[in-house]
J.: 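Below is the structure I would like to discuss, written out as structure tokens.
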Amino acid sequence: MLDLKYLRDSLDQAEQRLATRGEAVNLTGFRALDQRRRELLGESESLKAEKNRVSTLIGQSKDKSAVQGEIVRMKEVSARIKTLEDELKGVEDELQQLLLMVPNIPHEQCPVGASEAGNREVRRWGEPPVFDFEAKPHWEIGEKLGIIDFERAGKITGARFSLLFGAGARLERALISFMLDLHTGSHKYVEVLPPFMVNRESMRGTGQLPKFEDDLFHTADPDYFLIPTAEVPVTNIHRDEILAGADLPICYTAYTPCFRREAGSYGKDTRGLIRQHQFNKVELVKFVLPEEGDQELEKLLRDAEEVLRRLQLPYRVVDLCTGDLGFSAARTFDIEVWLPAQGTYREISSCSSFRDFQARRASIRFRREEGARPEFVHTLNGSGLAVGRTLVAILENYQQADGSVTVPDALRPYLGGMERIGG
RNA sequence: GGAGAGGUGGCCGAGCCGGCUGAAGGCGCUCGCCUGCUAAGCGAGUGUACGGGGUCAACCCGUACCGAGGGUUCGAAUCCCUCCCUCUCCGCCA
């Protein structure tokens with residue numbers, strides 16, 4: 001959510017910067033609503049002051065019959081206040097609805113562009129492997145090895161689900177442990193294991209609601225949502241809190257499954273593990289001082305990259321342009337891993353700064369020192385990494401001519417020393 | 001799922017036969033005094049949001065907030081209704 005006072009003072013600038021996102025952002029009506037709100041507030045609050053003053057006098061008077069006229073008058077004042085407040089509530093609801101639908105303002109260093117095509121490659125790491133045979137897609141490799149079964153997953157649940165067996169299941173688990181150990185050990189994140197279902201307030205806090213309800217799995221009773229990313233429960237850990245400035249940055253890492261409806265992606269990535277309704281992810285989340293946001297994002301990005309470096313998987317980093325940013329993000333770097341069968345880089349991590357956008361929605365604040373005014377923190381997060389896609393990358397990049405798959409060195413301790421799957 | 005108890009300021013905890021309670025008291029914290037050091041002691045201060053004013057920073061005024069939302073009343077932390085959450089006992093259960 002954007003700052004009401006900023007919008008009031010710099011509406012034109014806000015509109016211009018939002019326009020670089022491409023989609024039309026509707027701020028019409030904001031000014032009128034804001035002004036009406038302040039008029040109603042002014043009138044009802046001065047009437048309340050009057051009411052409070054007179055009511056105290058009535059309470060103090062010995063002779064109630066002497067103040068009968070005031071009682072009658074206050075009755076009318078109260079009725080008037082009620083009318084004003086009803087209208088005020090309507091106006092505030094409308095204003096709130098409007099503000100909750102407005103996306104974040106892009107960071108000034110974001111490349112400006114209308115779509116994915118405007119993204120800027122920042123760096124590449126590693127060399128795509130060269131095979132003396134035709135590289136197979138991971139679903140063929142996995143099914144041949146008997147470690148991935150899409151057909152039975154479809155029977156059990158439906159499309160876009162998967163079933164892992166044996167070394168496949170173990171590899172997935174190994175990746176989770178490996179990533180968590182790296183981030184808690186070398187990178188000093190605190191491991192958390194949050195709820196996988198959250199309430200509406202949490203979803204609103206990070207920005208999934210109210211705009212993207214269609215993308216979420218929902219339970220009817222109670223009214224909960226399955227998390228689409230650990231960002232939601234982990235960022236909301238500190239919702240409605242005031243943190244001590246000295247405690248910042250606060251860094252968490254969490255493994256969770258993620259659940260996404262993938263509405264509107266019919267026909268995309270229909271085969272394989274790339275796009276699933278349920279997938280595992282290890283997430284990194286930070287709460288930082290506003291002035292340290294940019295450098296903390298850079299560090300978070302490096303921490304996520306480190307996973308691929310240790311696994312010796314080639315990747316590149318892309319700086320998303322204004323038109324490709326997510327709703328809540330001010331700045332995003334995607335990490336894309338090389339997938340030989342597709343002959344292209346595919347997203348495996350997305351590292352974003354939300355600045356104070358989520359903090360304002362979720363009311364996450366801090367004090368620089370004891371007694372200082374609360375300020376909003378900046379929130380950051382990134383995948384470190386998407387586990388399913390990492391498994392895909394390993395199967396494809398480490399595949400051998402005979403259909404077996406070599407286990408990356410860094411993972412062997414997590415697989416009881418296993419050096420190869422199949423073969 | 002059944003029965004009962006309760007949700008008050010950073011924390012503990014009064015108030016709950018309606019008004020003078022943003023809210024007693026204690027703890028914590030900040031500043032000052034005192035003190036060979038420490039501890040103790042003494043004094044003052046110590047929430048947030050919104051709106052208005054302002055030398056637009058410190059500050060001043062107003063309003064709101066005693067789990068959430070409604071209601072009664074001139075006036076509600078205090079009375080009534082609905083919902084949420086926590087705790088205890090029973091049942092069920094990984």
Side-chain angles (χ1 to χ4, degrees), chain A residues 1-10 30-100 193-205 209 219-225 233 236-248 250 257 356-377:
Chain A
M1 199 154 63
L2 301 177
D3 182 12
L4 193 68
K5 294 195 181 81
Y6 167 72
L7 284 179
R8 191 179 292 155
D9 296 339
S10 319
F30 167 79
R31 247 195 238 290
L33 280 172
D34 180 54
Q35 196 175 334
R36 184 64 187 144
R37 169 173 175 270
R38 283 184 290 163
E39 285 167 8
L40 289 165
L41 256 186
E43 191 177 348
S44 80
E45 287 191 351
S46 60
L47 284 175
K48 281 188 199 169
E50 161 85 353
K51 182 192 76 176
N52 288 343
R53 191 177 58 77
V54 174
S55 289
T56 303
L57 291 177
I58 293 172
Q60 287 167 342
S61 74
K62 303 279 186 289
D63 180 6
K64 294 301 179 210
S65 63
V67 293
Q68 204 49 48
E70 293 294 72
I71 290 178
V72 172
R73 193 164 70 82
M74 284 309 105
K75 205 182 181 79
E76 285 162 7
V77 168
S78 282
R80 173 70 183 148
I81 291 172
K82 175 110 178 58
T83 308
L84 289 169
E85 297 225 303
D86 286 347
E87 192 189 341
L88 180 63
K89 190 172 187 316
V91 169
E92 289 194 325
D93 284 351
E94 226 180 305
L95 194 59
Q96 186 72 359
Q97 278 312 110
L98 185 91
L99 288 176
L100 285 173
L193 187 62
F196 301 159
M197 288 192 239
V198 301
N199 56 33
R200 279 182 186 274
E201 289 68 41
S202 293
M203 284 293 185
R204 194 182 311 120
L209 290 182
T219 64
D221 186 17
D223 181 29
Y224 292 156
F225 295 87
N236 278 283
I237 287 174
H238 295 300
R239 171 153 52 87
D240 296 323
E241 291 185 13
I242 300 177
L243 306 165
D247 292 342
L248 301 178
I250 294 172
D356 61 4
F357 187 85
Q358 293 181 327
R360 183 171 282 108
R361 287 182 162 237
S363 188
I364 307 169
R365 295 175 292 172
F366 75 99
R367 287 185 217 274
R368 289 188 185 273
E369 53 211 67
E370 195 101 31
R373 287 221 167 284
E375 299 172 52
F376 289 111
V377 301

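Letters A, B, ... mirror the listed sequences (proteins, then strands); counts begin at 1.
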J.: Within less than 4.0 Å of OP1 or OP2 of B:G51, is there a side-chain N or O belonging to A:Arg8?
T.: yes
J.: State the pairing partner of B:G51; accept Watson-Crick or G-U wobble contacts with both distances under 3.5 Å, and report none otherwise.
T.: B:C61
J.: Should A:Arg365 be listed as having a side-chain N or O under 4.0 Å from OP1 or OP2 of B:U48?
T.: no
J.: Please tell me whether A:Ser202 and A:Arg239 have a donor and an acceptor in their side chains that are separated by less than 3.5 angstrom.
T.: yes
J.: So does A:Lys48 get a side-chain nitrogen or oxygen closer than 4.0 Å to the phosphate oxygens (OP1/OP2) of B:G75?
T.: no
J.: When both hydrogen-bonding distances must be under 3.5 Å and the geometry is Watson-Crick or G-U wobble, what is B:G28 paired with, if anything?
T.: B:U46
J.: I want to check one thing: is the phosphate of B:G75, taken as OP1 and OP2, less than 4.0 Å away from some side-chain N or O of A:Ser78?
T.: yes
J.: Tell me which nucleotide, if any, is Watson-Crick or G-U wobble paired with B:U86 when both distances must be under 3.5 Å.
T.: B:A5
J.: Between A:Asn52 and B:C74, is there a contact of a side-chain N or O with OP1 or OP2 at under 4.0 Å?
T.: no
J.: I'd like to know whether CZ of A:Phe196 has more than 12 heavy-atom contacts from other residues, nucleotides or ligands below 6.0 angstrom.
T.: yes
J.: By nearest atom, which of the nucleotides B:C85, B:C50, B:A49 is closest to the A:Pro374 side chain?
T.: B:A49
J.: Do any side-chain nitrogens or oxygens of A:Arg73 fall under 4.0 Å of OP1 or OP2 in B:C74?
T.: no
J.: Does any N or O donor sit under 3.5 Å from an N or O acceptor when you compare the side chain of A:Glu45 with the base of B:G51?
T.: no
J.: For A:Leu41 and B:C65, what is the distance between atoms CG and P respectively, to the nearest whole Å?
T.: 14 Å
J.: Map A:Lys82 and A:Ile71 onto RNA chain B by nearest heavy atom, then report which one ends up closer to the 5' terminus.
T.: A:Lys82
J.: Taking the nucleotide of RNA chain B with the closest heavy atom to each, which residue, A:Gln60 or A:Glu70, is nearer the 5' end?
T.: A:Gln60
J.: B:C50 P sits how many Å from A:Asp3 CG, rounded?
T.: 9 Å
J.: For B:G19, give its Watson-Crick or G-U wobble partner with both distances under 3.5 Å, or none.
T.: B:C74
J.: Using Watson-Crick or G-U wobble geometry with both distances below 3.5 Å, tell me the partner of B:G36, or none.
T.: none
J.: Counting only side-chain N and O atoms of A:Arg80, is one of them less than 4.0 Å from OP1 or OP2 of B:C74?
T.: no
J.: Looking at A:Arg38, A:Arg31, A:Arg37, which one forms a side-chain hydrogen bond (donor to acceptor under 3.5 Å, both in side chains) with A:Asp34?
T.: A:Arg38
